[in-house]
Number of protein chains: 2
Amino acid sequence: MVTRRLTQKDIARLAGVSQATVSFVLNGSPENANRIPPETRERVQKVIRETGYVADPVARRMVKGLNRILGVFTYEPAFPSAQADFFTPFLLGIEEAAQELGYDLLLLTGAGVKRRIFGDNVRLRLADGCIILGRQFDRDELTRLVAGDFPFVAVGRRDDAGGPVPYVGGGYVAATTALVDRAKALGHQRIAYVGLNEGAESTLDRWIGFEPALGGADLVHTQFAVAQPPGETLDALLAAGATCVFFTELADAIAVDAVARHRGISVPADLSIVVLGNHIRAEEHGRRFTSFSIPREAMGRAATQMLVRRVENDAPVEQVLLDCAIVEGDTLGPVSTKHIRNT
Amino acid sequence: MVTRRLTQKDIARLAGVSQATVSFVLNGSPENANRIPPETRERVQKVIRETGYVADPVARRMVKGLNRILGVFTYEPAFPSAQADFFTPFLLGIEEAAQELGYDLLLLTGAGVKRRIFGDNVRLRLADGCIILGRQFDRDELTRLVAGDFPFVAVGRRDDAGGPVPYVGGGYVAATTALVDRAKALGHQRIAYVGLNEGAESTLDRWIGFEPALGGADLVHTQFAVAQPPGETLDALLAAGATCVFFTELADAIAVDAVARHRGISVPADLSIVVLGNHIRAEEHGRRFTSFSIPREAMGRAATQMLVRRVENDAPVEQVLLDCAIVEGDTLGPVSTKHIRNT
DNA sequence: TGACTGTGCTAATACGTATTACTAGCGTAG
DNA sequence: CTACGCTAGTAATACGTATTAGCACAGTCA
């Protein structure tokens, strides 16, 4: 812009005082505030009102060290519609909590270009701390974050990375275990698992909650892969004599359910389906899968509050898992007598 | 945090050089860059690598004056689900364009608390410029923005506020006119209008496009109010002998359409419905209303690009209206002979 | 030998604000 | 009348970086 920004020096000149006086008028601490008599104070404030001057937050931050800004870092872009349903609930909670605590949000997303926290022109540090969002996360960067002095909190559980990672995650392990127990209570002894059992912590947690919970039940089929042809998956499930199948991916469950319906296989009478997690607007598919609900909004809120604790009070690392409520749904039922006889 | 941040001074000490040398190694201009010989350069970079030092963007900004941050200001909170569908497409476009241009976004949203641009603790200025989003907008603040030197662009047309307001809006006037013309071409002569005819520019634009376009057609009923009981609205429409009704609010159209269906009144055979605008996920209502589509994502992109032009090149005020494509839909049909006889 | 030209750095400064240290002027207690 | 304290400010400095100006030294040319 052509006209340079107003500075306190300009205000001082116009009011016939020094820059320091202007600063005192603006934000003198109680003991210093009364050093400026009302007349001078009013004269300065008049100039400020007339000019519409506001202090440059950047310079302010230089002195104070804090900005009241929280960074939200995602590797994937936050808004494109494919991701929007995933990110939006988290952002909702983050925004609300930030608002309550008097912080603004700096969005740092990585669309297309691989964006890194430690890059050449890292603007992340403009924020007082940051929230890490997203499924993938570079291990090296996490390690550097843990080692560094920049406050951050991850949304989603993370394994240690050269030290404990502060996070707010979902209690997937416990929720998965609860669902397995429920299936067993309904008589299911021949259970299958379709989903990955390695990779991101959130994925792994399902398996960790699942496998030990089986107890006496038989794991008659596993498919450690997602997005496979649903017909083949269904074939394998039936061939193995599974009465109940756990999916980690809603999309897989939907596809297999559709094929089953098409073939006249009844869910849950012939085959029970459990989905380990939920997805916004899952109702659109006309099926309420038995699953657990991920408290995304609450996770965002909690992570934000935790981050502010770390920023303001240098609070120690916390690791929190929020409960995932079980969604009853319509796809987990008792084992049919047909199956019991079969087995 | 307990451990102070690393500064260039620390790096300089560790590498046995001066702070200026570190700065040159980091980002010396071409002519100065080769003043540092490879050995020294490597020595400094080694220390930087080992310590994980990154320059403080705040200090950087102090010197350079630019931040590569764009503020996004909304009076209403951006994420809460009620608003999410409204804001998300704009944010999508804004985020994409910002990413391409190498800017980050500072989200300044107003949840609950009345948030003002000119307040005590204005962090907006941290950004190099800002995008104004949202339906309501304080006139005084807009005037001050126009008068000031802070670059901004509004999403949505705005009337002059002590000067022209830079904006990227939707061509609601033209699109509304086109829909009126279409209705007239289908024989409609008895037309009604349900919606506000004052208030925000975006609302007003519908009326501005509508009223003059009527030409010879009769405006048999107007209801300058929204969210009224749909039964009463329908009664009034029928009593007035309207064959086609224009709604500014999708919600009103949905409600009236539902009552009509319930009463056995066929749309569009007995009554045509046109909606002036669209809404994400309108399909969920099982009806494709004849309307026009608002290019929200494109508006966000265009506004961002315009803002960057203003920030970087001090470009003059631009005012752009993007075309709104007509959505054919199923609710505008030819006038039935019954009506023609009736009239 | 003395002036000149690079080379390879460092010193100094600016950016805008907050804050600490100080000072000039004046009244008053001792 | 000196010392002290109070009032109403101002001067100076720090924050961390970018950048300009400049300095010490070596080599070159006349």
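Each chain gets a letter, A, B and so on, in the order its sequence line appears, and its residues count up from 1.
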Phosphate-side-chain proximity, A:N27 and C:dA18, N/O vs OP1/OP2 below 4.0 Å: yes
For A:L322, the side chain to side chain contact (heavy atoms under 4.5 Å, CB included) test, sequence neighbours excluded, returns A:V168, A:P295, A:A298, A:M299, A:A302, A:V320
### Query
Between the main-chain N or O of B:G93 and the side-chain N or O of B:R296, is there a donor-acceptor pair closer than 3.5 Å?
no
d(A:E95 CD, A:T304 OG1) to nearest 0.5 Å is 10.0 Å
List, with names and distances, any nitrogen or oxygen atoms from the protein found under 3.5 Å away from nitrogen or oxygen atoms belonging to nucleotides 7-10 of chain D.
{"residue": "D:dA8", "atom": "N7", "partner": "A:R35", "partner atom": "NH2", "Å": "3.2"}
{"residue": "D:dA8", "atom": "N6", "partner": "A:R35", "partner atom": "NH2", "Å": "2.7"}
{"residue": "D:dG9", "atom": "OP2", "partner": "A:T40", "partner atom": "OG1", "Å": "2.5"}
{"residue": "D:dT10", "atom": "OP1", "partner": "A:S18", "partner atom": "N", "Å": "3.4"}
{"residue": "D:dT10", "atom": "OP2", "partner": "A:S18", "partner atom": "N", "Å": "2.9"}
{"residue": "D:dT10", "atom": "OP2", "partner": "A:S18", "partner atom": "OG", "Å": "2.6"}
{"residue": "D:dT10", "atom": "OP2", "partner": "A:T21", "partner atom": "OG1", "Å": "2.4"}

Inset, instruction - Please determine if a side-chain N or O atom of A:R60 lies less than 4.0 Å away from the OP1 or OP2 oxygen of C:dG16. - result: no
DNA chain C nearest-nucleotide lookup for B:M62 and A:V22: closer to the 5′ end is B:M62
From NZ of B:K9 across to P of D:dA18 the rounded distance in Å is 15 Å
_It should be established whether A:Y53 places a side-chain nitrogen or oxygen under 4.0 Å from OP1 or OP2 of nucleotide C:dT17._
yes
Students should find that the end-to-end axis angle of the helix from C:dT1-D:dA30 to C:dG30-D:dC1, with five pairs defining each axis and rounding to 10 degrees, is 80°
Sorted by chain and residue number, the salt bridge (Lys or Arg N to Asp or Glu O under 4.0 Å) partners of B:R157 (sequence neighbours excluded) come out as B:D159, B:D205
Rounded to whole Å, the CG-P distance (B:D56 to D:dA18) equals 10 Å
Residues passing the ring pair (Phe, Tyr, Trp, His ring centres under 6.0 Å) test with B:F90, sequence neighbours excluded, are B:F86
From CG of A:L6 across to C1' of C:dC15 the rounded distance in Å is 16 Å
From CD of B:Q8 across to C1' of C:dT10 the rounded distance in Å is 14 Å
For A:R301, the salt bridge (Lys or Arg N to Asp or Glu O under 4.0 Å) test, sequence neighbours excluded, returns A:E96, A:E100
Residues passing the side chain to side chain contact (heavy atoms under 4.5 Å, CB included) test with B:V63, sequence neighbours excluded, are none
| Under 4.0 angstrom between A:S23 side-chain N/O and C:dA18 OP1 or OP2 | yes
Sequence neighbours excluded, the answer for side chain to side chain contact (heavy atoms under 4.5 Å, CB included) partners of B:K46 is B:E42, B:R49, B:E50
With sequence neighbours left out, the residues meeting side chain to side chain contact (heavy atoms under 4.5 Å, CB included) with A:A161 are A:R139, A:L142, A:T143, A:V146, A:V165
